[in-house]
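Every chain is numbered from 1, with letters handed out A, B, ... down the list of sequences. This is a predicted model, so every value here is computed, not measured.
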Amino acid sequence: MLGRRIFLDRALKLMMSTTTLVAGSANAAKPQAAEAVESLVPAFVDYDPRGSVGRLERLGELDLESKMNFHAGFLRFLAKEIRPVIEERFNDILDDHGLDGSKDIPAEKTLALVKDDPVISMRQRSWLSNQQVMYNALESEFAENEEVYLKELDSASKVGPGRLELNPKLKIPDFARHEIHIQPGGYVGSPFAGYINYFSVNNFYDALIGANYQDQLQMGIAKKLPRPKTGKVLRVLDLGCGTGRVTFALKQQFPDAEIWGLDVAAPMLRFAHMRGVDLGIDVNFRQALASKTGFPSGFFDVVTANILFHETSGREAKAVMRETKRVLRPGGVFYPTDLPNGKQLPKRTAFANFGQWIDHKINNERWRVVWEEMDFAKSLKRVGFEVDETVEAGGFIYGKILATKPV
Amino acid sequence: MSSDKNTSQDEISPAIPSNVDQMVLLGDARLDAVMTAVVALGSELWTTKRRMKVVERLLSEQGVSHEDIEAYQPTREETMQWNADRDRFVSALFGHLTDLPKTNGGD
């Protein structure tokens with residue numbers, strides 16, 4: 001209810017100032033003004049049966065929240081306890097075949113050797129089952145309560161703060177239609193894609209970095225973002241904004257700036273805008289390709305892109321770099337946070353290559369391999385950016401990179 | 001606010017599905033299915049345990065302690081009813097074992 005409350009408070013204040021002049025008494029006018037506001041402004045119908053904990057609006061039912069808690073715990077168990085075991089077994093098996101696991105051996109050469117190992121195959125199976133059961137639970141919640149969630153999304157789109165610009169004519173390219181992370185329907189195939197992504201990713205972060213329920217990781221990115229050395233920050237663009245976590249964090253760092261989140265997927269943007277309304281954060285969202293934003297040249301002082309590049313095709317990634325340079329003003333900065341590649345790529349071992357293949361195969365990370373074979377810094381330089389690979393990383397497993405448009 | 005009049009259901013594009021639903025990782029689709037069932041059971045079990053934690057916590061605030069719960073002795077009627085519930089639960093979980101074919105699968 002936070003967003004609606006703030007919105008109504010603002011509208012009420014506006015109405016009160018007018019009504020006060022007419023009635024001569026703010027106190028006497030208040031109930032009438034509140035009624036008038038309720039009837040005049042479109043209402044955000046927030047579905048919030050269990051309240052919020054800070055920035056986290058709790059899931060609709062205790063049992064569903066507990067299921068997510070289990071799936072996060074299971075992921076954590078696989079990451080912390082099983083992964084070291086399978087890495088050791090993997091290397092032992094390679095050793096038995098006269099191979100040195102510390103070497104850069106492609107997955108194609110090791111898959112046949114390890115595929116029947118009971119622990120390795122059980123790890124892959126249980127990881128996949130955990131994701132499938134988790135997604136099933138989330139899908140059921142939104143399907144069974146379709147009416148209230150759709151009403152929440154649709155009503156939010158009619159109110160602020162912030163604007164939601166959707167483009168129904170946008171043809172969604174194939175690279176954006178895949179079920180990345182095996183999310184059912186992907187980011188474009190379900191009206192609940194934003195909800196499903198938001199809550200499933202919460203489990204991922206819970207397992208790997210402790211917790212991110214208050215968007216701590218994204219707050220950290222916005223805080224670490226190096227400011228342009230010249231000029232003020234008046235406008236900021238967040239490419240591939242998804243559910244808007246970084247977009248909101250940017251507003252916290254640049255409260256006076258005009259902030260835009262951009263994504264190709266309308267369902268994700270609907271959710272992001274709804275969450276912005278709920279939190280009372282004044283940011284704008286636009287549906288467009290990151291390679292064709294529709295903004296004027298030199299419009300932005302800062303551009304960000306959190307985990308966008310490894311989830312798009314190589315050709316599109318390069319087009320996004322060119323578009324980013326176009327929309328930045330001279331001296332403006334681009335601070336992408338993504339998996340490291342080029343000279344920042346961690347040492348390639350046989351197990352790392354195997355993990356990359358598994359991520360591709362059972363997590364449907366379509367372009368991770370393509371991305372890790374690229375050299376981001378070199379590509380950015382080719383586009384005409386000045387690149388710094390010594391800046392502070394945004395956190396998590398991100399590489400260190402800052403691109404500045406030359407003055 | 002939105003600059004269009006569409007609703008959230010108008011904006012869906014068909015996704016390109018992943019193929020994980022057909023994936024067999026344990027060499028036998030039945031084993032893969034059992035693993036998924038075990039994970040689902042774990043999820044359900046933890047969900048129940050977590051709800052119990054909530055219930056016990058709220059009860060303690062009402063004066064019913066953890067020790068009271070531990071010491072509770074079901075009545076004869078309750079024992080009969082709960083055992084019947086248990087039998088239905090076990091049957092629902094493992095009843096399909098009686099439906100297995102006479103051969104061990106394969107052609």
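- Of the charged side-chain nitrogens involved, none lies within less than 4.0 Å of a carboxylate oxygen, so that Glu147(A) and Lys151(A) do not count as a salt-bridged pair.
- The greatest number of non-hydrogen atom pairs below 4.5 Å with chain A, out of Thr47(B), Leu25(B), Val24(B), is found for Thr47(B).
- Contacts between Met68(A) and chain B at a heavy-atom distance below 4.5 Å are absent for every atom of the residue.
- Contacts between Asn364(A) and chain B at a heavy-atom distance below 4.5 Å involve the side chain alone, from C-beta outward.
- Between Trp82(B) and Tyr72(B), the ring planes are tilted. Angles from 30° to 60° get that label.
- A salt bridge links Arg177(A) with Asp174(A): the distance from a Lys NZ or Arg NE/NH1/NH2 to an Asp or Glu carboxylate oxygen falls below 4.0 Å.
- Heavy-atom distances place the side chain of Ile172(A), and not its backbone, under 4.5 Å from chain B.
- For Leu128(A), the part sitting under 4.5 Å from any heavy atom of chain B is the side chain, from C-beta outward, and nothing else.
- Only the side chain of Val133(A) has a heavy atom closer than 4.5 Å to any heavy atom of chain B.
- For Ser43(B) (side chain) and Val39(B) (main-chain N/O), no donor-acceptor pair under 3.5 Å exists by modelled atom type.
- Contacts of Gln124(A) with chain B are made by both backbone and side-chain atoms, with heavy-atom separations under 4.5 Å.
- A salt bridge is absent between Asp206(A) and Arg76(A): the closest approach of a Lys/Arg side-chain nitrogen to an acidic carboxylate oxygen does not fall below 4.0 angstrom.
- Residue Leu62(A) touches chain B through both its backbone and its side chain, counting heavy-atom pairs closer than 4.5 Å.
- In terms of heavy-atom pairs under 4.5 angstrom with chain B, the leader among Pro184(A), Pro118(A), Ser126(A), Ala193(A) is Ser126(A).
- Residue His71(A) touches chain B through its side chain alone, counting heavy-atom pairs closer than 4.5 Å.
- Glu152(A) places no side-chain N or O within 3.5 Å of a backbone atom of Val45(A) that could act as its donor or acceptor partner.
- Phe192(A) and Tyr195(A) have tilted rings, their planes meeting at an angle from 30° to 60° on a 0 to 90° scale.
- Using a 4.0 Å cut-off between a side-chain N of Lys or Arg and a carboxylate O of Asp or Glu, Arg50(A) and Glu61(A) do not qualify as a salt bridge.
- Heavy atoms of Lys361(A) lying under 4.5 Å from chain B belong to its backbone as well as its side chain.
- Across Leu170(A), Asp154(A), Asp116(A), the residue that shares the most heavy-atom pairs under 4.5 angstrom with chain B is Asp154(A).
- Arg125(A) and Ser121(A) share no donor-acceptor pair across their side chains, judged by distance under 3.5 Å alone.
- Residue Gln131(A) does not touch chain B at all, counting heavy-atom pairs closer than 4.5 Å.
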